[in-house]
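A quick write-up on the structure given underneath.
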Amino acid sequence: MQPIGREDALVLAHYYVPGEVQAAADFVGDSFALARKAVASDKPVIIFCGVSFMGESAKILCPEKQVILPVADAHCAMADRATEEEIVHMRGTVPDLAVVTYINSSARLKALSDVIVTSSNAVKIVSRLKEKNIYFIPDPNLGHYVAAQLPEKNFYFGHGCCPVHDAATEEEVRAARAAHPAAQLLVHPECPARVCAQADCVGSTAEIIAFAERSRAEELIIGTEEGTLYELSRRCPHKKFYLLRPDFVCGDMKKITTEALRRAFAGEGTPVEVAPAVAEGARRALHRMLELAQ
Ligand code: 13P
Ligand code: SF4
């Protein structure tokens with residue numbers, strides 16, 4: 001591949017990549033903001049500093065653009081945690097059903113879905129679906145969080161999870177609250193329901209950052225991946241942030257280094273390709289997300 005001119009590329013980064021990569025990006029955001037930024041860009045190239053489903057979603061939404069992953073083997077652990085057989089079985093068994101798939105999923109799963117959601121728009125989107133029954137895949141933790149706010153719907157859940165967030169425990173919440181009694185607790189909805197129930201704020205990475213910025217609290221316990229601390233400290237330099245658990249780290253997000261970004265600009269990144277038939281179905285479900293999230 002040819003080297004990429006800086007002026008031709010939009011560099012997108014998720015809050016979980018290392019701080020120095022976030023500093024080098026044109027835009028840093030949560031999954032939903034990143035997808036929207038990709039669509040709005042007028043640059044011919046997007047270099048996506050994040051796990052593969054993020055670059056894949058950008059490519060599906062922007063087929064005319066070249067989307068480059070600096071690291072091809074950085075993947076989300078739950079992206080493939082549902083099968084076509086399970087979806088077909090549910091569609092054949094449960095009437096009036098919508099298959100709602102978290103954006104942390106492969107293009108193949110998206111193509112089998114009615115609509116895609118992110119953690120920041122899931123409640124709004126599911127509330128706008130006409131179907132009574134919701135098959136929420138692959139993350140049951142996020143699914144239960146959404147279901148708790150929409151008692152008028154009937155939910156069925158998949159069986160994936162994020163190993164990084166699902167590992168958070170009530171004991172860790174108790175210990176963090178005891179160590180920092182004045183602090184508020186902010187968690188991502190990929191955490192188990194028992195952890196979310198203890199929190200002052202449950203939200204996407206961008207919502208956690210916005211809450212911390214608005215909050216009058218000077219100390220905050222953060223129940224999501226440690227890369228988020230970079231933006232939190234940048235926006236709120238006088239506040240103190242404590243990670244809920246010391247190893248709140250997504251190893252795949254940490255593969256995206258500044259050296260990998262440099263190599264991507266040198267033409268050594270991996271262009272994202274999605275098979276046309278899969279891309280077509282996944283695009284329909286992603287576009288439905290963009291419409292319903294308005
Ligand atoms: P956000 O959409 O909140 O940024 O979450 C993405 C993610 O991978 C959480 O683990
Ligand atoms: Fe996937 Fe979890 Fe990493 Fe987010 S933190 S990208 S959900 S493995």
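In each ligand, atom 1 is the first atom listed, and ligand 1 is the first ligand listed. We're numbering straight along the sequence, starting at 1. Values below: all heavy atoms of this structure, side chains included; hydrogens, waters and symmetry mates excluded.
Considering all non-hydrogen atoms of both residues, L292 and K124 come closest at O-CD, 3.9 Å. Closest heavy-atom contact between V21 and T258: CG2-N, 3.5 Å.
Residues passing the ring-ring contact (aromatic ring centres under 6.0 Å, His included) test with F136, sequence neighbours excluded: none. Evaluation of the side-chain hydrogen bond (donor to acceptor under 3.5 Å, both in side chains) rule for E226 yields K254 as partners, not counting sequence neighbours.
Protein atoms that are N, O or S and lie under 2.8 Å from atom 3 (Fe) of ligand 2 are these: C250 SG.
The closest non-hydrogen atom to atom 7 (S) of ligand 2, taken over K254, H14, E190, comes from E190.
Less than 6.0 angstrom separates the ring centroid of F248 from the ring centroid of H165.
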* Does the pair E231 and R235 meet the rule for a salt bridge (charged side-chain N to carboxylate O under 4.0 Å, His left out), with working shown? -> CA-CA 6 Å; E231 183 66 9; R235 290 213 210 167; 2.7 Å; yes
* Asked: Where do V195 and L244 land on the side-chain contact (heavy atoms from CB on, under 4.5 Å) test, with the steps shown first?
  -> CA-CA 10 Å; V195 169; L244 175 58; 4.2 Å; yes
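Residue contact check: M78 has heavy atoms under 4.0 Å from atoms 7 (S) of ligand 2.
Electrostatic pairing of E291 and R288 does not count as a salt bridge here, judged by no charged N lying under 4.0 Å from a carboxylate O. The pair R177-D200 meets the salt-bridge criterion, since a charged nitrogen lies less than 4.0 angstrom from a carboxylate oxygen.
Using a heavy-atom distance under 4.0 Å as the criterion, the protein contacts of ligand 1 are H14, Y16, D30, S31, N104, S119, H165, H188, E190, S204, T205.
For the pair T228/I209, a side-chain contact is recorded, criterion being any heavy-atom separation below 4.5 Å from C-beta on.
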